[in-house]
Amino acid sequence: MKPRILFLALLFALAGPAAAAASFADWAAVVISGDDRAAHVDRPTQAFDHARRDVAAALERRGFAADNIVQFSVEPRRHPDTRPGLADQPGIAAGLARVAGRARGGCLVYLTSHGSPDGAVLGDRLLPPRALAKMIDESCPARPTVVVVSACFSGVFIPALARPERLVVTAARRDRSSFGCGEADTYPVFDGCVLAAFSGAADFLDLASRARACVDRREREEGLSPPSQPQIVAGARFRPLAFAPWRPAAQAR
């Protein structure tokens, strides 16, 4: 076989699984807003719910089926798109299991909330890293999975969540705060950067890299310190999926 023909055959062989993985219509997605209180003050904020709502919409524009996206909020009565999705640990576990049982292609979990070195806030409780990992392990075993945790100190989730078939993205290093959770904020800084990155990103790894660069830039411009340093950990078996192109935004429904 001539070298050029051999190269093309190898290219198509490698691209075949990636092209198949590029369709997210059979992926399960759970998007969670874990709090409705502003940072450092006893005042409400809609920043987390705004991010939840708009991340879910962005996923749908990129090919996720609306019926396979489940949203959770600590204020489900105020947000009809989450009903009856109260953001607590049993409800999220059940919701993920339900949608992952129906959509078999892969899984995505996106959580935005306040955080601490012990986990992420879910209303009046904390969701520890091992608890989130258990939910995903049980509902999405060995599936390609994207997990995004947008919270202060969210790097603490990485050791529990990392798997060969997963991409784990966090808004901050395990010992750093993130920003933009105030009463008047539209989105947390990290979530705003994720949403801004959707339009130009080619795949999930590109989305994560663009969001991290956006966070770095905004923190410098706004004098936010110390830098949050978002984290990106891609498992070896996730990488072939990560390079599969998304459906162009122009084709969105």
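Of all the heavy atoms in G182 and T45, the pair that sits closest is O-OG1, 2.8 Å. Scanning all heavy atoms of the two residues, the minimum distance from A172 to A151 falls at CB-O, 3.9 Å. When all heavy atoms of C193 and A211 are compared, the pair lying nearest together is CB-O, 3.7 Å. The two atoms that bring L195 and A58 nearest to each other are CD2-CB, 4.3 Å, heavy atoms only. Contact between R210 and G200 at its shortest, heavy atoms only, is NH2-O, 3.1 Å. In this structure, A97 and S139 approach most closely via the heavy-atom pair CA-OG, 3.2 Å.
F24 has its side chain out of reach of L108: every pair of non-hydrogen atoms, C-beta onward, lies at least 4.5 Å apart. Between E219 and S228, some side-chain heavy-atom pair lies under the 4.5 Å cut-off. Taking the side chain as every heavy atom from C-beta outward, V194 and Y187 never approach each other to under 4.5 Å. Residues V146 and F238 have side chains in contact (heavy-atom distance under 4.5 Å, counting atoms from C-beta outward). When side chains are defined from C-beta on, T145 does not count as touching R163, because their heavy atoms never get closer than 4.5 Å. F190 has its side chain within reach of P230: a pair of non-hydrogen atoms, C-beta onward, lies under 4.5 Å apart. Residues W27 and C107 are not in side-chain contact: their nearest non-hydrogen atoms beyond the backbone lie 4.5 Å or more apart. At a threshold of 4.5 Å between non-hydrogen side-chain atoms, the residues Q89 and K134 do not count as touching.
Proximity of a side-chain donor or acceptor of R143 to a complementary backbone N or O of A100 within less than 3.5 Å is detected. Judged purely by atom type and a 3.5 angstrom limit, D185 has no side-chain atom pairing as donor or acceptor with the backbone of P188. Panel note: side chain S113, backbone A120; no donor-acceptor pair is recorded below 3.5 Å. Within the 3.5 Å criterion, the main-chain N or O of Q46 finds no donor-acceptor partner in the side chain of D49. In this structure, D35 contributes its side chain and V74 its backbone to no donor-acceptor pair below 3.5 Å. Counting only distance, with no hydrogens or angles, the side chain of T112 and the backbone of S33 share no donor-acceptor pair below 3.5 Å. Looking at Q231, its side chain does come within 3.5 Å of a backbone N or O of Q229 through a donor-acceptor pair.
Here D54 does not pair with R61 in a salt bridge; the nearest charged N to carboxylate O distance is not below 4.0 Å. Contact check on D137 versus R130 returns no salt bridge, with no Lys/Arg side-chain nitrogen under 4.0 Å from an Asp/Glu carboxylate oxygen.
One hydrophobic cluster holds both I232 and F198 under the rule that ILVMFWY side chains link at heavy-atom gaps under 4.5 Å. Each of V121 and V55 belongs to its own hydrophobic cluster when Ile, Leu, Val, Met, Phe, Trp and Tyr are linked at side-chain heavy-atom distances under 4.5 angstrom. Linking Ile, Leu, Val, Met, Phe, Trp and Tyr whenever their side-chain heavy atoms come within less than 4.5 Å leaves F48 and V189 in two separate clusters.
Separating the CD atom in E75 from the OG1 atom in T82 is a distance of 9.0 Å, to the nearest 0.5 Å. A distance of 5.5 Å separates CZ in R37 from CG in D124, rounded to the nearest 0.5 Å. Between atom CZ of residue R62 and atom CG of residue L207 there is a gap of 9.0 Å, rounded to the nearest 0.5 Å. For the atom pair CD1 of I69 and CZ of F64, the computed distance is 7.0 Å after rounding to the nearest 0.5 Å. Separation of atoms OG1 (T186) and NE2 (H50) is listed at 7.0 Å; rounding is to 0.5 Å. To the nearest 0.5 Å, atom OG of residue S225 and atom CZ of residue R220 are 12.5 Å apart.
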Item to complete: Apply the test side-chain contact (heavy atoms from CB on, under 4.5 Å) to residues S73 and R78: give CA-CA distance (whole Å), side-chain angles for both, the deciding distance (0.1 Å), then the verdict.
Response: CA-CA 9 Å; S73 171; R78 183 169 183 172; over 6 Å; no

Item to complete: Begin from the C-alpha positions of R52 and D81 and carry the test side-chain contact (heavy atoms from CB on, under 4.5 Å) through to its verdict.
Response: CA-CA 10 Å; R52 168 199 53 75; D81 52 352; 3.1 Å; yes

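Within a 6.0 Å sphere centred on CZ of R102, heavy atoms belonging to other residues, nucleotides or ligands number more than 12.
Annotation: ring pair (Phe, Tyr, Trp, His ring centres under 6.0 Å) contacts of H79 (sequence neighbours excluded): none.
Clustering of Ile, Leu, Val, Met, Phe, Trp and Tyr side chains at separations under 4.5 Å places V109 together with V30, I32, V70, F72, I92, L96, V99, L111, L122, L127, L132, M135, I136, V147, V149, V156, F157, I158, L161, V168, V233.
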